[in-house]
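What follows is a short report on a single structure.
In what follows, every chain begins at residue 1, and chains take the letters A, B, ... in the order their sequences are listed.
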Protein chains: 2
Amino acid sequence: MAADQPHEQSAVPRGRPRSFDREAALAQAVALFWEHGYEATSVADLTAAMGIRPPSLYAAFGDKRSLFEEVVASYQQTHGAVLPRALNGEPTARAGIARMLHAAAAEYTDPAHPWGCLLTSSTVNCTTREVERELRSVRNGNVRALESRIRADVAAGHEPPGTDAAALAVFVGTVLQGMSQRARDGATQAELEQVADFAMRAWPEQA
Amino acid sequence: MAADQPHEQSAVPRGRPRSFDREAALAQAVALFWEHGYEATSVADLTAAMGIRPPSLYAAFGDKRSLFEEVVASYQQTHGAVLPRALNGEPTARAGIARMLHAAAAEYTDPAHPWGCLLTSSTVNCTTREVERELRSVRNGNVRALESRIRADVAAGHEPPGTDAAALAVFVGTVLQGMSQRARDGATQAELEQVADFAMRAWPEQA
DNA sequence: CTCGTTCGGTAGCGATCGCTACAGAAATAA
DNA sequence: TTATTTCTGTAGCGATCGCTACCGAACGAG
């Protein structure tokens with residue numbers, strides 16, 4: 001592959017160099033889409049926040065939709081990574097989920113950035129069906145990931161044999177998405193910590 | 001009051017009568033705002049679904065925002081009334097909330113109308129701040145209503161004296177809003193019924 | 001220097017947004 | 001009948017939407 005490419009390394013940049021920081025501009029886009037969602041964030045809003053003009057945005061990121069997809073990927077690798085990291089930072093699904101719910105309580109109400117979860121809130125009421133479907137499948141995939149995590153613990157004997165992993169995963173996903181919504185409605189971290197505690201009380205008792 | 005109004009009854013209609021059913025048109029508007037949200041529903045979408053032209057819409061309902069407010073009121077008195085009715089249909093807060101959560105599982109996934117709750121989903125990512133704030137205060141008011149319902153039961157001795165009514169109300173509100181989101185993501189009624197059951201397991205045991 | 005290449009800014013495309021001026025149509029009042 | 005009132009449909013307002021043609025500016029290569 002790449003037989004027609006004479007250079008070993010990545011090509012030396014030719015032509016006029018980019019005059020803005022692509023990463024910083026992407027971070028601005030993350031903030032805007034996080035705060036206002038996909039549709040409500042206009043290209044004019046984006047270029048104003050990034051300090052660039054539309055042709056620069058389109059040259060660097062493609063169109064609005066591909067920029068949004070890059071924003072989603074960036075979010076998942078930064079702010080959004082806090083949750084799976086908490087989940088996998090404990091030896092059992094139960095402890096991991098408890099830690100994840102508390103991490104969400106802190107993350108969703110952090111005053112350093114918009115409230116709630118970008119993956120949950122940015123494509124509600126989105127007329128571009130493919131974008132909405134994309135993030136929906138991300139959310140549903142996260143629920144299925146929870147389910148297999150719980151199922152593995154049941155198989156390993158960490159949870160009672162009768163545990164309904166699928167139902168438990170949907171419950172946790174529901175609480176998480178609800179926490180995102182409540183955070184956007186102004187719920188405090190302390191309130192969401194209590195929500196996390198209540199949710200864990202629903203967990204099946206050790207047999 | 002109304003001293004300048006010579007007629008006792010409502011005035012006899014004068015001029016050309018309205019050629020469409022105002023209630024039916026409003027029901028169409030409810031369906032559209034419910035499905036697509038406030039901003040993503042255009043006046044062109046509304047007039048097309050109602051079978052009327054823009055001037056008729058503006059004459060009958062004012063502007064888009066006042067139509068939406070009428071839609072919200074209509075929703076609260078019809079589909080949305082199922083939840084408070086379930087809550088108040090039981091003698092205790094605990095039983096009422098259990099019944100309400102199961103009613104939400106059925107209502108939010110009813111194939112006869114859009115999924116989820118209009119009050120929860122229609123103003124996420126809404127640039128018209130006053131509209132967003134309005135529905136946010138409806139949601140927060142519903143949580144406070146849950147809280148005072150629980151608090152009354154604690155005072156009446158139906159719940160243990162140490163019960164944190166505020167935290168419990170936020171938890172139930174979080175689960176409800178999460179159920180709405182999950183329903184819009186395609187969750188089935190059976191799945192949400194299980195979510196309701198899990199949520200009730202978190203309820204403090206009788207002392 | 002002169003190329004070739006890439007980026008930046010101006011300026012504006014066609015489409016859609018919420019909304020309305022205007023005139024004809026359909027009712028009641030006299 | 002004529003006058004008054006209210007609704008309907010056409011047609012289009014100014015603003016904003018996502019997006020881009022164009023050309024000068026800024027770089028490395030020769």
Side chain to side chain contact (heavy atoms under 4.5 Å, CB included) between B:Leu46 and B:Ile52, intermediate numbers included: CA-CA 9 Å; B:Leu46 290 163; B:Ile52 61 178; over 6 Å; no
Intermediate values then yes/no, side chain to side chain contact (heavy atoms under 4.5 Å, CB included), A:Thr123 and A:Phe68: CA-CA 11 Å; A:Thr123 56; A:Phe68 179 71; 3.8 Å; yes
Pair A:Arg182-A:Tyr108, side chain to side chain contact (heavy atoms under 4.5 Å, CB included): steps then yes or no: CA-CA 9 Å; A:Arg182 291 304 308 155; A:Tyr108 290 173; over 6 Å; no
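Within residues 22-52 of chain B, no residue approaches DNA chain D, by heavy-atom distance under 4.0 Å.
In terms of heavy-atom proximity, B:Ala60 sits nearest to B:Phe20 at CB-CZ, 3.9 Å.
The side-chain contact (heavy atoms from CB on, under 4.5 Å) check on B:Ser42 picks up B:Ala44, B:Asp45, with sequence neighbours excluded. Partners of A:Thr120 by side-chain contact (heavy atoms from CB on, under 4.5 Å), not counting sequence neighbours, listed by chain and number: A:Cys117, A:Arg139, A:Gln177, A:Ser180, B:Gln181.
Of the N and O atoms on the side chains of B:Asp63 and B:Ser66, at least one donor lies less than 3.5 Å from an acceptor on the other residue.
Between A:Leu168 and A:Ile97, every side-chain heavy-atom pair lies at or beyond the 4.5 Å cut-off.
A:Ser19 has a side-chain polar atom (N or O) that falls below the 4.0 Å cut-off from OP1 or OP2 of C:dG8.
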Sequence-aligned protein contact record of nucleotides 22-30 of chain C, with B where the base is within under 4.0 Å of a protein heavy atom and S where only the sugar-phosphate is: --BBBBSS-
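With the nearest nucleotide of DNA chain C identified for both A:Arg53 and B:Gly62, A:Arg53 has the one nearer the 5' end.
Ring orientation note: the planes of B:Phe171 and A:Phe171 are nearly perpendicular, at an angle over 60° on the 30°/60° scale.
Among the atoms of the strands shown, only primed sugar atoms or phosphate atoms (P, OP1, OP2) are found under 4.0 Å from some heavy atom of B:Arg18.
Screening residues 70-89 of chain A for side-chain hydrogen bond (donor to acceptor under 3.5 Å, both in side chains), with sequence neighbours left out, gives A:Arg22-A:Glu70.
The nucleotide range of DNA chain D contacted by chain B, defined by atoms under 4.0 angstrom from heavy atoms of the protein and reported 5' to 3', is D:dT5 to D:dT10.
Rounded to whole Å, atom C1' of C:dG9 lies 16 Å from atom OH of A:Tyr58.
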